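Predicted model, so just to flag it, every value in this text is computed and none were measured. We're numbering straight along the sequence, starting at 1.
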Amino acid sequence: MADPQSNAPSRADAGAPTSGVIHVRTRLMADFTVISNALAQRRGSAVTVGVAAYISSLPDGTPVTIPALCEHFSEGEILISRALRELEAAGYLERRRERTSTGHVRTRTYFYDVPGGDPDPDADGPPEPPKPRRPRKQGPAAAVTPASAPAEETVAAPAPAPAETEVLVPLADADPRAVALLAGLRRVDPRLILSAQETARLAPAVARWLAAGLLPTHITDHLTARLPDRFLTRPVGILAYRLKETPLLVPARSAEPSARPVVVPMRNCDGCDRGFRSAEPGRCRGCRAEEQLRAAG
């Protein structure tokens with residue numbers, strides 16, 4: 001006689017949820033990154049959380065500039081820049097300019113597992129940096145958390161030059177060529193309409209590029225190429241970034257002047273008095289052809 005069968009669920013499934021996610025856990029022994037739930041479950045932009053998780057997984061010394069992150073992610077400069085500002089405002093990320101032993105100034109980016117947390121004493125990382133500044137406030141709702149030391153993941157990336165204090169030049173004193181170039185950007189892209197204050201902010205950088213020998217068309221093409229389909233903020237931010245962080249190289253000029261083409265002088269035909277170009281005086285092609293026909297006939 002067969003044993004009785006029961007349709008009741010087993011005790012192992014009694015505590016399984018009836019909806020929502022069910023985790024299938026695997027114990028990882030290598031190639032994994034530990035991040036806090038506060039960061040992984042952070043409310044707001046998914047791009048911000050994704051950028052934070054990606055930076056946390058990188059080894060020390062990996063560049064995390066906006067162009068470097070744009071090469072990895074499909075999002076554009078605007079969203080990546082916004083994510084970095086949100087992480088900086090929340091205290092997870094800090095960017096500081098420090099002078100190296102050789103005298104060069106580099107931008108070092110410190111990423112904190114926990115904002116304000118102490119570094120792991122057993123971590124095999126760089127020495128503790130000097131006391132950091134407070135994160136910049138990005139608005140009334142931004143969280144400003146002081147950070148006192150770097151966490152295990154410390155990423156350093158070089159920068160072009162030390163930043164100087166930005167001094168706004170009155171628009172009346174700005175280079176007229178730079179002002180005209182900025183005003184003409186809206187003819188290429190109607191969205192690039194700049195106020196007088198924004199034009200005064202960008203004009204000194206454009207004037208420096210013009211003084212370096214760049215043509216206005218080169219600068220315009222550089223500022224308007226591959227712009228995002230939609231601006232989340234005013235376009236002055238991305239224009240200022242391109243003028244500061246991605247300098248356009250001056251086209252190399254040939255050391256030897258190009259040879260001018262030889263111009264053959266104009267002459268009058270000895271037979272029909274028509275004008276034609278020839279190195280030597282004589283008859284034109286038509287008169288020569290008639291002479292050949294008469295000689296052959």
Side-chain angles (χ1 to χ4, degrees), residues 45 47 51 54 62-85 95 97 104-107 109 157-261:
S45 172
V47 178
V51 169
Y54 175 68
T62 304
V64 290
T65 59
I66 294 178
L69 294 175
C70 287
E71 290 181 1
H72 178 79
F73 293 101
S74 60
E75 285 74 14
E77 296 176 356
I78 296 295
L79 291 179
I80 297 298
S81 177
R82 178 182 178 183
L84 293 177
R85 289 197 302 269
R95 290 175 283 197
R97 294 188 180 274
H104 295 83
V105 177
R106 293 289 183 265
T107 295
T109 302
E164 298 178 355
T165 303
E166 184 178 7
V167 180
L168 291 179
V169 179
L171 187 60
D173 299 336
D175 190 334
R177 299 178 303 163
V179 175
L181 187 149
L182 293 170
L185 294 179
R186 65 177 181 269
R187 291 194 291 268
V188 180
D189 191 327
R191 299 174 298 171
L192 301 180
I193 300 178
L194 303 175
S195 65
Q197 183 178 4
E198 293 170 342
T199 303
R201 173 187 171 187
L202 300 177
V206 175
R208 287 193 294 269
W209 283 23
L210 291 172
L214 292 170
L215 296 176
T217 53
H218 293 161
I219 301 175
T220 300
D221 292 343
H222 181 67
L223 295 179
T224 57
R226 295 179 289 103
L227 290 172
D229 295 334
R230 185 168 59 94
F231 290 144
L232 300 179
T233 58
R234 294 283 299 170
V236 64
I238 188 171
L239 296 178
Y241 169 79
R242 291 188 173 187
L243 287 169
K244 178 182 177 183
E245 301 293 342
T246 55
L248 186 63
L249 298 179
V250 180
R253 297 180 180 178
S254 176
E256 299 180 358
S258 57
R260 298 182 61 181

> By side chain to side chain donor-acceptor pair (under 3.5 Å), which residues pair with Thr224, not counting sequence neighbours?
none
> Run the ring pair (Phe, Tyr, Trp, His ring centres under 6.0 Å) test against Phe73 and tell me which residues pass, sequence neighbours left out.
Tyr54
> Any chance you could measure Leu182, atom CG, to Leu239, atom CG, to the nearest 0.5 Å?
8.0 Å
> With heavy-atom distances below 4.5 Å as the criterion, would you say the side chains of Ile238 and Pro228 are in contact?
yes
> State which residues pass side chain to side chain donor-acceptor pair (under 3.5 Å) with Asp175; sequence neighbours excluded, sorted by chain then number.
Arg177
> How far apart are the closest heavy atoms of Val51 and Ala83, and which atoms are they?
CG2-CB, 4.1 Å
> How far apart are the closest heavy atoms of His222 and Arg242, and which atoms are they?
O-NH1, 3.2 Å
> Output all residues satisfying side chain to side chain donor-acceptor pair (under 3.5 Å) with Arg208, sequence neighbours left out; order by chain, then residue number.
none
> Output all residues satisfying side chain to side chain donor-acceptor pair (under 3.5 Å) with Arg191, sequence neighbours left out; order by chain, then residue number.
Asp189
> For a quick test of reading the model, state the closest non-hydrogen atom pair linking Pro63 to Ala68 and the distance between them.
O-CB, 3.8 Å
> Looking at Leu210 and Ala178, what are the two nearest heavy atoms and their distance?
CD1-N, 4.0 Å
> Does a side-chain heavy-atom distance below 4.5 Å link Leu227 with Leu192?
yes
> What distance separates Leu84 CG from Ile66 CD1, expressed to the nearest 0.5 Å?
6.0 Å
> Atom OG in Ser45, atom CG in Leu79: separation rounded to 0.5 Å?
7.0 Å
> Quick one: salt bridge (charged side-chain N to carboxylate O under 4.0 Å, His left out) partners of Glu198, sequence neighbours excluded?
Arg234
